[in-house]
Number of protein chains: 2
Amino acid sequence: MRTSGNIYRALADPTRRKILNLLSKDEHTQSDIVKEFDISQPAINKQLNILKKEGFVHESKSGRYRFYSLNTKVFAVAYQQMIDEIGAMLDQTLVDLKHYVENKEEDDD
Amino acid sequence: MRTSGNIYRALADPTRRKILNLLSKDEHTQSDIVKEFDISQPAINKQLNILKKEGFVHESKSGRYRFYSLNTKVFAVAYQQMIDEIGAMLDQTLVDLKHYVENKEEDDD
DNA sequence: AAGTTATATAACCATTAAGTTATATATTAA
DNA sequence: TTAATATATAACTTAATGGTTATATAACTT
């Protein structure tokens, strides 16, 4: 099985995170996406190509438009792997933190 | 409240991820850490300084040694924020994926 | 006091990253 | 067929990254 896209790289840039976030809600054309940013069309194009190459985003052509959508399966799997890797470093801490937050909430009620 | 360290940046580099992983298990001196890698001491020093600046790692001086440990609280909080941000994009997908995996396990038993 | 070990710092280098502007190409609309 | 729109690509700039080597400083060991 081919090792999944580099999610760490994908998430490292805020533009890419915002694109992923947009696509998680809906399919968008490239020009739609461009409108959501203050940067140029070629800049967005580059980031889309990166996300495409990593496999997190799917492109489909229709006329002069390119529709982009989140490749949820690929992204979800990479995400899970990341959680497994990073979350493991924090296992007990997260349990503790959860208790702490929960108790805090109780106190606040 | 000061916004938490940039976990996306911290995780973007494999050397930093490995350092964090080491420190999640135990405190280490810098030279201990250096031994775990094939790169130079100054290179490790740099990465440690980045992790320190982001607040994910704590340094304590003792003689000529520097002891490094994971700042678990800071890291856990940043991690949780990341999970909230990124996980939200995948909510339903993750539920589906879980069902899929669970059913698969059942079938395999 | 001299040598060794741990860490820090400076100067440097190559690569990558993330954007820009200008322009080309493809498709649709008038 | 001309104009407008959507996307792609090329060439460039600037800055950040992640390493290197050489050397300095600090602390311990003999």
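Order of the sequence lines fixes the chain letters, A, B, ..., with proteins taken first and strands second; residue numbering starts at 1 for each chain.
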Problem - Least distance between heavy atoms, A:F56 atom then A:A78 atom - result: CE2-CB, 3.7 Å
Practice task
Check the distance between C:dT20's C1' and A:D38's CG and give it to me in whole angstrom.
Solution key: 14 Å
Exercise for the section: Start with the C-alpha gap between A:E54 and A:R9, add the side-chain angles, then the distance that decides, and say whether salt bridge (charged side-chain N to carboxylate O under 4.0 Å, His left out) holds. Expected result: CA-CA 9 Å; A:E54 301 284 357; A:R9 188 200 177 195; 3.5 Å; yes
Exercise for the section: Answer with yes or no whether A:Q41 presents, from its side chain, a donor or acceptor under 3.5 Å of a partner atom in the base of D:dA6. Expected result: no
Practice task
Would you kindly say whether A:Q30 and A:R66 are connected by a side-chain donor-acceptor distance under 3.5 Å?
Solution key: no
Problem - Distance in angstrom units between A:K18 NZ and C:dA18 P, rounded - result: 16 Å
Exercise for the section: Could you check which of C:dA11, C:dT7, D:dA10 has an atom nearest any side-chain atom of B:K46? Expected result: C:dA11
Problem - Strand partner of D:dT30, provided both Watson-Crick or wobble distances fall under 3.5 Å - result: C:dA1
Exercise for the section: Looking only at side-chain atoms of B:K61, point me to the closest of D:dT20, D:dA27, C:dT7. Expected result: D:dA27
Problem - Side-chain N or O of B:S40 closer than 4.0 Å to phosphate OP1/OP2 of D:dT20 - result: yes
Exercise for the section: Over all heavy atoms of both residues, which pair between B:E27 and B:S69 is shortest? Give the atoms and the distance, please. Expected result: CG-CB, 4.2 Å
Problem - Rounded distance in Å - CZ (A:R16) to C1' (C:dG19) - result: 12 Å
Practice task
Would you mind telling me which of C:dA10, D:dA8, C:dA18 lies closest to the side-chain atoms of A:Q30?
Solution key: D:dA8
Exercise for the section: Check every atom of C:dA18, C:dT7, D:dA8 against the side chain of B:T29 and return the nucleotide holding the closest atom. Expected result: C:dT7
Exercise for the section: Write down the distance between CD1 (A:I19) and C1' (C:dA18), rounded to a whole number of angstrom. Expected result: 12 Å
Practice task
Identify which nucleotide among D:dT21, C:dT7, D:dT7 has an atom closest to any side-chain atom of B:Y65, counting heavy atoms from C-beta outward.
Solution key: C:dT7
Handout entry: Same apolar cluster (I L V M F W Y, side chains within < 4.5 Å links), A:L48/A:Y65
Key = no
Exercise for the section: Could you please name the partner base of C:dA6, counting Watson-Crick and G-U wobble pairs only when both distances are under 3.5 Å? Expected result: D:dT25
Problem - Side-chain N,O (A:R66) to OP1/OP2 (D:dA8) below 4.0 Å - result: yes
Exercise for the section: May I ask you to evaluate whether A:N45 reaches the phosphate of D:dT7, defined as a side-chain N or O under 4.0 Å from OP1 or OP2? Expected result: no
Exercise for the section: Decide whether A:N21 and A:K18 meet the rule of one side-chain donor and one side-chain acceptor closer than 3.5 Å. Expected result: no
Handout entry: Polar pair under 3.5 Å, donor/acceptor by atom type, side chain B:R64, base C:dT7
Key = no
Exercise for the section: For A:Q47, report the nucleic acid contact type (base, sugar-phosphate, nothing); a contact means any heavy atom under 4.0 Å. Expected result: sugar-phosphate
Exercise for the section: Figure out the CG/P separation between A:N49 and C:dA18, and round it to whole Å. Expected result: 13 Å
Problem - Identified pairing partner of D:dT17, criterion: Watson-Crick or G-U wobble below 3.5 Å - result: C:dA14
Practice task
Side chain of B:T15 only, please: which of D:dG19, D:dT7, C:dG19 is the nearest?
Solution key: D:dG19
Problem - Which nucleotide in D:dA22, D:dA8, C:dA6 has an atom nearest any side-chain atom of B:S31 - result: C:dA6
Practice task
Between C:dA22, C:dG19, C:dT9, spot the one nearest the side chain of A:P42, thanks.
Solution key: C:dA22
Completion exercise
Separation of C:dT21 atom P from A:I44 atom CD1, nearest Å, is 14 Å
Practice task
Provide, to the nearest angstrom, the distance between the CD1 atom belonging to B:I50 and the P atom belonging to D:dA16.
Solution key: 12 Å
Handout entry: Closest-nucleotide 5' rank along DNA chain C - winner of A:D13 and A:S62
Key = A:D13
Handout entry: Rounded interatomic separation in angstrom, taking CD1 from B:I39 and C1' from D:dT20
Key = 11 Å
